[in-house]
Amino acid sequence: MNAPQVIKMYAAREEIYPREIKGRYASLRWVCVWLTQLAFYGLPWLSWNGRQAVLFDLASRKFYLFGLVLWPQDFIYLAVLLVMCAWLLFLVTAVAGRVWCGFACPQTVYTEIFLWIERKIEGRRSARIALDRQPPSLKKFSRKSAKHLAWGAVALWTGFSFVGYFTPIRMLGTEALTFSFGPWEWFWVLFYSFATYGNAGWMREQVCKYMCPYARFQSAMFDRDSLIVTYDAKRGEPRNPRSEGGCIDCSMCVQVCPTGIDIRKGLQYECIGCAACIDACNSVMDKVAQPRGLIRYSTDRAMAEGLGARDIQRRALRPRVLIYTGLLGAVALAFIAALWLRTPLKMDVIRDRGSMGREVEDGKIENVYRLQIMNTTEAPHTYRIRASGIPSLNVASDAEVTLAPTETRAVPLRLRTEHGKAQKGSNTIEITLEALDDSAIAVHEKAVFIVPR
Amino acid sequence: MSDFTNGFWNGFIIVLTLLGVIGCGVLLYTQSVHKVLKDHKGPVGTTGHIWDEDLTELNTPMPRWWMWLFYITIVFSLGYLFLYPGLGSYAGTLGWASSGQYKQELAKADADYGPLFAKYQSQDLKAVAADPQAHAIGERLFLTYCAQCHGSDARGNKGFPNLTDKDWLYGGSPDVIKTTIMHGRNGVMPPMGAALGSDKDIENVAHYVLSLSGGTADPIKTVFGKAKFSACMACHTAAGTGNQALGAPNLTDKVWLYGGSAETVMETIRKGRNNTMPAFADFLGEGKVHVLAAYVWGLSNPVEVAKK
């Protein structure tokens, strides 16, 4: 009786054959697919100021976003942008659960595209199941090959477009025609293609269930008033084929589910909130002439307490949501204001360390600085250097400097004051750099002028 | 080169690393299946562990591809340790080293920029000085390698000559400047205190030296100093105009390397001075030095440099 039994701690993936479904949410998902992919594939081809409109030039460390050029010093803007994205995700999750997962996440979007290709080549759900059960045959081989070729083509184009955000895409296109990519271009095009092919073709729900960090912490952002895709058990149970108004146990909701769960078992972490089961159930309810909404977007509390749509809406405005919205709005305003007020000119003042200060002709005192000047605009500018803070302080070297578009240059600067005008030791001064053609382009930097004792 | 005082620690690290990797594999293998007694209590799909009477551990299996990723990681690490250094002092079959990579990148940079410097090297220094691109390169090289001593504006510091004037210790022709940068200079002013005699004598000579360039000097001390100046003539010449072959400064102008006050000149005479300009031939290579020499010459001959 005590013969040991072996339990496997790792399980093979079971193939999921999501059934195609039409409906309000399926259409919405396709709208999202079109919008995101038009943006993703199309953006790198746009031109602006004679260059690519959106280009993350890692080699020269400049990020071009239409008229905006971000330098390494502007990384704070990208960081704030990411913070805003995170907050937006929190907000959306608190209000409407995993709608990001179900409609806009790249994993969902590419899986949707790959599923569409699969259906076009291998047929619908039942045909696919039948095909997979068949013994190897020429027909099966040709169908599968065609599918993988089509997937591969989409994946390669995706990888190519992705690299096009980091290397000018038109140049990349010419290189692609002659197979003359550089080693890193090869690597990233193939890597991203392979990731697309593997994730959308093979891994699918495994990514959502086991890889995605968001799937793991989104439960912390849910509460009982967050919208979820849920089954109305009060109305549906007990389920049987002749049930009137309740669940007729047709299992359509299970067949359409891309992660292979049964929503009737309640909220599960595998549920990505794609609402395919809602579309499926609604179409069935229409056929059996029952009201829609056996499976619907509702909240945990609404299900338990029988709340109506109005109550759900009222409860959506709870403190958590208001705080998220407030913070997001504040950060977004600060972000726009900071971008608006950004000076397209940067200057670092570096005092020469070799000498504290030196005496030159007529007993004047001279200090030497190096100005690291960055013209962050895409036009040439001539700037005037000025210094203030000590009487008689003046610029002894060239007071005007011209920089080419997006040029960075180190400019030596000599400041001079007459003897006895400043106290011995360290004096705080201010160095100003101002564009001659636009007084709005100006920076002020504090520096130190040293008078030898 | 031995990394450790004896071979034991080398072996210790090798054994520890390999045991760690193999241990991971063994752990993974033994933990991927679990034996339970058939009549264990608890619902189906549990591991058979029961705590506190009714707490059971569910068996929600991990995906199998995940397990294979772990095995692939182990194979990868062994392959890595075979190819790259990581096992004690074993160098790996690829023979990779960070110093080797540095040399490789240096060689690549030389290959990339070499032709540019070679182009300038074949040109006359004055022609290079008039080239705007060479001027920009020279300016950057100067700010990187020369500004520490000579200042960002090349006007020098105490003990480090000003490069923008027409006064030169060793000569200001383009070729001499290049030689100076290539091979460096050693300027030695010996301590003359003992040779000159008393402190009074030193003070007198100092005043004579100041008088040569028309500085404020005591006329009586100057007269006495002139008599003692013979000790200085070997280098600075009888007229005090210096000798560029030796790097002996001209004492008749108002340019002072260490300062033109009587106290400073006295200190210079008493204790001597030692000046070193390092040689850059090996460090920068002749191509860069050529561009630098042209830039430095251009600093004191600005009229001839084409404006950008």
Side-chain angles (χ1 to χ4, degrees), chain A residues 1-14 198 202-211 268-270 349-363 366-372 380 395-398 401-404 407-416 452, chain B residues 28-40 44-49 57-71 136 139-144 146-160 162 164-165 254-256 259-261 264 299 302 307-308:
Chain A
M1 273 307 274
N2 268 359
Q5 176 194 5
V6 172
I7 296 180
K8 293 212 166 90
M9 308 301 278
Y10 295 91
R13 170 179 185 254
E14 278 172 40
W202 291 96
M203 301 302 286
R204 292 191 183 167
E205 83 291 346
Q206 299 279 313
V207 176
C208 310
K209 282 160 73 171
Y210 301 110
M211 291 184 194
Q268 296 146 72
Y269 86 93
E270 291 96 331
V349 178
I350 305 155
R351 248 193 119 264
D352 257 24
R353 294 176 178 208
S355 71
M356 303 298 273
R358 62 186 171 217
E359 215 177 299
V360 291
E361 57 258 46
D362 308 327
E366 198 172 82
N367 273 204
V368 182
Y369 306 80
R370 200 186 297 179
L371 303 184
Q372 192 79 25
V395 175
S397 50
D398 284 346
V401 53
T402 303
L403 266 77
E407 191 193 355
T408 300
R409 181 133 50 102
V411 177
L413 168 71
R414 281 185 294 131
L415 295 183
R416 195 177 276 190
Chain B
L28 187 57
Y29 178 74
T30 57
Q31 298 306 304
S32 55
V33 288
H34 184 70
K35 284 180 182 152
V36 290
L37 298 181
K38 208 160 200 172
D39 62 344
H40 77 264
V44 186
T46 64
T47 58
H49 295 151
E57 185 185 21
L58 284 175
N59 176 30
T60 311
M62 294 267 276
R64 203 172 57 190
W65 56 262
W66 202 319
M67 182 182 75
W68 286 114
L69 282 186
F70 285 134
Y71 280 121
E139 184 176 28
R140 282 196 288 274
L141 286 173
F142 187 89
L143 286 176
T144 307
C146 315
Q148 288 78 2
C149 294
H150 293 283
S152 292
D153 60 346
R155 282 166 191 260
N157 288 312
K158 188 178 176 183
F160 301 98
N162 180 348
T164 64
D165 57 16
K254 288 200 169 192
V255 180
W256 298 95
S261 69
T264 312
L299 288 174
K307 275 285 170 202
K308 226 183 164 181

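Every chain is numbered from 1, with letters handed out A, B, ... down the list of sequences. Only heavy atoms go into these numbers, but all of them, side chains included; no hydrogens, no water, no symmetry mates.
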Portion of [X] that has a non-hydrogen atom of chain A nearer than 4.5 angstrom:
X: Ala154(B); value: neither
X: Glu139(B); value: side chain
X: Phe142(B); value: neither

Legend entry - Heavy-atom pair of closest approach, residues Trp65(B) and Met211(A):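 In terms of heavy atoms, the two residues are closest at CH2-CE, 3.5 Å.
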Inset, instruction - Might you point out which heavy atoms bring Ser152(B) and Arg370(A) nearest each other, and give the distance in Å? - result: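 The pair with the smallest heavy-atom distance is OG-NE, 3.1 Å.
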Inset, instruction - Could you tell me which of Gln148(B), Lys254(B), Lys158(B), Arg155(B) has the largest number of non-hydrogen atom pairs under 4.5 Å with chain A? - result: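 Maximum pair count with chain A is reached by Arg155(B).
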Inset, instruction - Answer yes or no: is there an ion pair linking Asp153(B) with Arg358(A), defined by an N-O contact shorter than 4.0 Å? - result: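 A salt bridge is present here (some side-chain N lies under 4.0 Å from a carboxylate O).
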Legend entry - Best-contacting candidate, Ala11(A), Ala12(A), Pro412(A), Ser397(A), against chain B by heavy atom pairs under 4.5 angstrom: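 Looking at each option in turn, the highest pair count goes to Ala11(A).
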Inset, instruction - Working to the nearest 0.5 Å, report the span between CZ of Arg353(A) and SG of Cys149(B). - result: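 Arg353(A) CZ to Cys149(B) SG: 14.0 Å, rounded to 0.5 Å.
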Inset, instruction - Evaluate the side-chain proximity of Tyr10(A) to Pro61(B): yes if any heavy-atom separation is below 4.5 Å, no if none is. - result: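 SC-SC contact between Pro61(B) and Tyr10(A) ruled out.
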Legend entry - Close side-chain approach of Pro63(B) to Gln206(A), heavy-atom, < 4.5 Å: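 Yes. Closest side-chain heavy atoms under 4.5 Å.
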Legend entry - By side chain to side chain donor-acceptor pair (under 3.5 Å) - contacts of Thr164(B) (at least two apart):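 In terms of side chain to side chain donor-acceptor pair (under 3.5 Å), with neighbours along the sequence ignored, Thr164(B) is linked to Asn162(B).
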Inset, instruction - Apply side chain to side chain donor-acceptor pair (under 3.5 Å) to Trp202(A) and list each qualifying residue two or more places apart in sequence or on a separate chain. - result: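 With neighbours one apart ignored, the set is Tyr197(A).
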Inset, instruction - Might you confirm whether atom OH of Tyr29(B) has over 12 heavy atoms from other residues, nucleotides or ligands at distances under 6.0 Å? - result: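 No - once you tally the heavy atoms of other residues, nucleotides and ligands closer than 6.0 Å, there are 12 at most.
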Legend entry - CE (Met9(A)) with more than 12 external heavy atoms under 6.0 Å: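 Counting other residues, nucleotides and ligands, CE of Met9(A) exceeds 12 neighbours.
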Inset, instruction - Examine whether an atom of Glu366(A) lies under 4.5 Å from a heavy atom of chain B, and if so say whether it belongs to the side chain, the backbone or both; otherwise answer neither. - result: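 Interface part for Glu366(A): side chain.
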